Amino acid sequence: MCGIIGYLGPKSPVNVLLEGLKKLEYRGYDSAGLAVVKGKEIYLCRVKGKIKDLEANLRANPIDGHYGLGHTRWATHGRPSEINAHPHRDCEGNIVVVHNGIIENYLSLKERLIKNGHVFKTETDTEVIAHLIEENFSGSLEEAVICAVQSMEGSFAFACLSPLDPEKIVGARSGPPLIVGIGEEEYFLASDVIPILDHTRRVVFMADQEIAILSRDGLKFFDFSGQPISKVSTELNWSPLMVEKRGFKHFMLKEIYEQPQVVRETLSEALSLDFGEVNLPELEAAKDRLKECRQAVIIACGTSYHAGLIGQIMLESLAALPTRVEYASEFRYRDILISPEDLIIAISQSGETADTLAAIRGLKGKSGPLLAICNVPGSSLVREAELTLLTQAGPEVGVAATKTFSAQIATLTLLALWLGRARGGLEKEKAIEIMLELQRIPHRMEQILNNKERVENLAYRFSSYSHFLYLGRWISYPVALEGALKLKEISYIHAEGYAGGEMKHGPIALIDEKMPTLAVIPKDRVFEKMLSNINEIKARDGIVIALTDNQAELENHVDYFLPIPSTHPLLSPFLTVLPLQLFAYTIAYRLGADVDQPRNLAKSVTVE
Ligand code: M6R
């Protein structure tokens with residue numbers, strides 16, 4: 001939520017910041033702004049709206065400078081407006097701040113600062129940071145920041161500059177992510193690596209309670225107590241091409257189409273077919289503890305939670321490991337009994353979701369190994385987990401998660417196979433059977449994506465409906481939840497994901513000809529049961545669209561088909577989710593919705 005970028009180097013900062021903000025826009029897009037410094041002057045431009053509005057404003061009123069800061073906002077305190085857009089300033093307009101997160105004690109700080117004579121101009125919590133720095137400033141920006149952070153509570157990452165201590169950008173992190181990019185005689189400070197990939201792949205991931213000072217003399221780091229610290233830089237293997245649309249209308253569509261390759265890459269090094277083994281070198285050192293675990297507890301939010309529900313079925317079926325799946329946002333407030341024999345699996349695309357991080361932090365010292373399944377190297381989750389399986393999806397820009405979901409379920413499948421073999425419950429022959437089928441999954445995914453006309457036609461046909469039901473049972477239930485989430489978040493149409501067997505306990509009352517049902521019904525152990533649920537809907541004049549590999553047996557029971565290739569029952573989610581993603585995408589596109597940046601959402605939810 002909110003994207004920050006700072007630049008100090010030989011290039012024109014306005015261009016670097018603007019291009020960077022375009023790549024950060026998925027983190028927030030209700031207002032934007034930037035500030036650049038030229039000599040003793042600060043030039044500022046802020047708008048309500050998107051980066052394209054900021055760009056248009058800058059074209060009409062050009063500004064220039066030598067270094068600067070930019071921000072794209074997802075409002076928390078104060079409505080989206082030009083005045084509330086970042087950067088924010090102190091009383092004299094000499095200190096400029098961009099911020100991501102929430103200053104929880106901002107009201108008491110504001111009261112104190114007003115008593116001391118500070119004048120506030122905005123409704124934001126961010127403005128207190130500028131005034132706090134002003135209050136503590138006596139020539140050194142970093143010293144003022146070190147003093148300011150002592151009185152700030154909450155979760156924040158911010159960057160600031162001041163021509164009173166020129167040619168310098170100072171960043172502080174306590175919660176939301178902040179990274180430093182190191183280029184040729186240039187430095188970047190940003191909320192994530194995506195906006196700097198065009199310039200450099202060398203980055204330093206800042207940890208909590210750390211301060212970075214970027215200046216023409218070099219780069220320095222301090223902790224919040226003011227002690228100098230040394231940090232190591234990392235060379236990323238992500239490329240700038242990965243964050244281009246490459247001919248697709250939207251990032252979401254491109255990312256849907258990347259899924260076969262993502263799964264292929266996830267599997268490529270891991271499957272050892274001759275021996276029926278999965279290679280997960282990241283887990284080897286902890287193998288003894290992992291195979292002795294009593295249960296697994298999966299913690300996640302949103303789409304990652306749905307992947308977790310699929311992981312639960314995999315871990316129970318393949319590894320005979322009792323598994324619970326918990327919403328991080330609920331789990332963190334419960335009095336949960338966790339023991340050192342419990343394996344905790346935190347799943348997060350971004351590795352920065354505030355609820356997921358809070359939930360795992362609450363388990364420190366109580367649980368067994370903490371395994372992160374995450375797509376972002378160097379993220380908070382990765383740094384805090386004992387073990388990590390990095391998903392091989394590459395950067396995901398569309399706010400609606402698609403390829404990271406496939407990467408998560410591919411990784412969970414590998415984990416379940418690995419644990420099944422390590423714990424001794426999974427026969428070599430059964431492992432090989434699943435691994436062989438797993439290898440065919442990318443090709444089967446391509447078959448679906450290359451035949452998208454039927455999904456598109458159905459999406460067009462149903463784009464005027466206001467309510468949808470998504471039904472599934474067993475391993476298709478999480479797919480139904482995920483399909484409904486995709487439709488809701490990008491098209492703003494009401495959609496309910498439900499377990500087929502629960503229909504008769506209430507939701508069946510909703511059924512009429514105005515609420516179509518997408519039934520996820522591959523030929524598996526619950527096929528007949530789902531068929532009964534479909535018949536119950538048809539008996540009440542409901543319209544049913546079936547996603548199935550068994551059209552023959554459904555011929556007279558449903559209204560429309562979305563065919564999928566057959567696969568091993570445990571692997572069907574890799575296939576069934578694709579038509580649902582395309583269905584949601586096509587409806588949203590047809591309705592003119594902003595597919596990559598749906599209203600009210602942000603890609604990574606770094607506030608509670
Ligand atoms: O980065 P995470 O995987 O932790 O994010 C969790 C959710 O915020 C995320 O999956 C969200 O639900 C997406 N918008 C779904 O498309």
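Keep in mind that what you see is a predicted model, and the values were worked out from it rather than measured. Each ligand, and each atom within it, is numbered from 1 in the order the structure gives. Residues: numbered from 1 along the sequence shown.
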Atoms in ligand 1 flagged as close to K486, the criterion being non-hydrogen separation under 4.0 Å: 15 (C), 16 (O)
With heavy atoms of S348 as the reference, note each atom of ligand 1 found under 4.0 Å away. 1 (O), 2 (P), 3 (O), 4 (O)
Is there a side-chain contact between R27 and S191, using heavy atoms and a 4.5 Å cut-off? yes
Measure the distance from atom 14 (N) of ligand 1 to every protein heavy atom, then report the residue, atom name and distance (to 0.1 Å) of the closest one. E489 OE1, 2.8 Å
Just to confirm my output: which protein heavy-atom neighbour is closest to atom 15 (C) of ligand 1, and how far is it? T303 OG1, 3.0 Å
Residue selection (non-hydrogen contact nearest atom 7 (C) of ligand 1) among C301, C374, A354: C301
State, yes or no, whether a side-chain contact exists between V520 and L471 at a heavy-atom distance under 4.5 Å. no
Does some non-hydrogen atom of E352 fall short of 4.0 Å from ligand 1? no
Under 6.0 Å from the six-membered ring centre of Y492 and within 45° of its axis: does the NZ or CZ of R599 meet both? yes
Heavy atoms from other residues, nucleotides or ligands near NZ of K48 exceed 12 (cutoff 6.0 Å): no
Any atoms of ligand 1 less than 4.0 Å from a non-hydrogen atom of S304? List them with their elements. 2 (P), 3 (O), 10 (O)
Suppose I only count heavy atoms of A400 and a 4.0 Å limit; which atoms of ligand 1 are within that range? 16 (O)
Of all protein heavy atoms, the one nearest atom 8 (O) of ligand 1 is V605 CG2, 3.9 Å
N/O to N/O below 3.5 Å, does that happen between G351 and ligand 1? no
Quick one: does V399 get an N or O within less than 3.5 Å of an N or O on ligand 1? yes
Non-neighbouring partners of A172 that pass side-chain contact (heavy atoms from CB on, under 4.5 Å), sequence neighbours left out: V145, V149, F158, I211, F224
Closest non-hydrogen contact found for P442 with V263 is CG-CG1, 4.1 Å
Run the numbers for me: atoms of ligand 1, each under 4.0 Å from some heavy atom of A401, listed by number. 15 (C), 16 (O)
For atom 12 (O) of ligand 1, grab the closest protein heavy atom and report residue, atom and distance to one decimal in Å. G302 CA, 3.3 Å
For atom 5 (O) of ligand 1, what's the nearest protein heavy-atom neighbour? Residue, atom name and distance, please. T353 OG1, 3.4 Å
Could you go step by step and tell me if E25 and K50 meet the salt bridge (charged side-chain N to carboxylate O under 4.0 Å, His left out) rule? CA-CA 8 Å; E25 199 169 21; K50 298 202 165 199; 5.1 Å; no
For atom 1 (O) of ligand 1, what is the nearest protein heavy atom, given as residue, atom name and distance? S350 OG, 2.6 Å
Report the C-alpha distance between F331 and Y305 in whole Å, list the side-chain angles of each, state the deciding distance to 0.1 Å, and finish with yes or no for ring pair (Phe, Tyr, Trp, His ring centres under 6.0 Å). CA-CA 12 Å; F331 183 84; Y305 172 81; over 10 Å; no
With nothing but distance in play, are any N or O atoms of T356 less than 3.5 Å from an N or O of ligand 1? no
Just by distance, no angles: are the side chains of E352 and S380 close enough, under 3.5 Å, to form a donor-acceptor pair? yes
Would you say the side-chain atoms of T402 and Q581 include a donor-acceptor pair closer than 3.5 Å? no
